[in-house]
Amino acid sequence: MDKGIIMWAVLAAVFAVIMLISRKIKNDIKEKGIETDAVVSRISDDGSPDEVDINVYVRYRTEIGEEIEGILSNPRTDLQVGQRVRIKYHPKYTGNARLV
């Protein structure tokens, strides 16, 4: 069997697993997430000069009082550092948050 085909198959399988995990986290936050207030703590562009890859981070306290800085998985383009927002997070995935 051609090594190139095997490599592509492995890559496709890894990509599929990553997508499934991402979807599970998103659904868990949506269905079982805890709502709280947060503040946009920073906005970064991790892209290249040819591509924009904006990441929006929020700082919030969990229900047990732990202060977390997590990334928003569904940011809006109008967010600014220091802005207060309402989010949902899951205690199991505190590094990920979603705007309500």
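We're numbering straight along the sequence, starting at 1.
- Scored by the side chain to side chain donor-acceptor pair (under 3.5 Å) test, R76 finds D78 as partners (sequence neighbours excluded).
- For the residue pair G33 and K88, the shortest heavy atom distance occurs at O-CE, 4.0 Å.
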**Q.** Residue pair D37, R84: steps toward the side chain to side chain contact (heavy atoms under 4.5 Å, CB included) verdict
**A.** CA-CA 7 Å; D37 292 318; R84 296 187 64 76; 3.6 Å; yes
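- Taking 4.5 Å as the limit, some side-chain heavy atom of E35 sits within range of a side-chain heavy atom of R86.
- Rounding to the nearest 0.5 Å places CZ of R23 at 14.5 Å from CD1 of I18.
- If you take NZ on K92 and CD1 on I25, they are separated by 9.0 Å, rounding to the nearest 0.5 Å.
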Q.
Assess the residue pair Y93 and D28 against the criterion (side chain to side chain donor-acceptor pair (under 3.5 Å)); give the C-alpha distance rounded to whole Å, side-chain angles, the decisive distance to 0.1 Å, and a yes or no.
A. CA-CA 9 Å; Y93 317 111; D28 282 354; 3.1 Å; yes
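- When hydrophobic clusters are built by joining Ile, Leu, Val, Met, Phe, Trp and Tyr residues whose side-chain heavy atoms come closer than 4.5 Å, directly or via intermediates, V85 is not grouped with Y57.
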Q: Apply the test side chain to side chain contact (heavy atoms under 4.5 Å, CB included) to residues K26 and R98: give CA-CA distance (whole Å), side-chain angles for both, the deciding distance (0.1 Å), then the verdict.
A: CA-CA 8 Å; K26 178 182 171 184; R98 295 186 57 75; 3.9 Å; yes
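- Looking at every heavy atom in both residues, N74 comes nearest to A97 through OD1-O, 4.3 Å.
- Two residues are said to be in side-chain contact when any heavy atoms from C-beta on lie closer than 4.5 Å; R42 and R59 fail this criterion.
- Distance OG/S41 to CD/E67: 9.0 Å, rounded to 0.5 Å.
- Between M19 atom CE and K24 atom NZ the span is 15.5 Å, to the nearest 0.5 Å.
- Cluster annotation: I71 is not connected to I87 through the hydrophobic network of ILVMFWY side chains, with a link wherever side-chain heavy atoms come within less than 4.5 Å.
- Pairing each heavy atom of A38 with each of Y60, the nearest pair is CB-CB, 3.8 Å.
- Note: the hydrophobic cluster containing I29 also contains I21 (ILVMFWY, side chain heavy atoms under 4.5 Å, direct or indirect links).
- L99 CG to S73 OG: the interatomic distance, rounded to the nearest 0.5 Å, is 8.0 Å.
- Considering only heavy atoms from C-beta on, P91 stays 4.5 Å or farther from T62 through its side chain.
- Under the 4.5 Å side-chain heavy-atom criterion for Ile, Leu, Val, Met, Phe, Trp and Tyr, V39 and V100 are members of distinct hydrophobic clusters.
- A pairwise comparison of heavy atoms in E51 and D45 identifies O-OD1, 4.3 Å as the closest pair.
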Q: Please assess L79 against L72 for the test side chain to side chain contact (heavy atoms under 4.5 Å, CB included), listing each intermediate value before the final yes or no.
A: CA-CA 11 Å; L79 295 175; L72 283 178; 3.8 Å; yes
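- Neither side chain, N96 nor Y89, offers a donor N or O lying under 3.5 Å from an acceptor on the other.
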Q: List the steps and the verdict of side chain to side chain contact (heavy atoms under 4.5 Å, CB included) for I54 and V56.
A: CA-CA 7 Å; I54 301 293; V56 177; 4.2 Å; yes
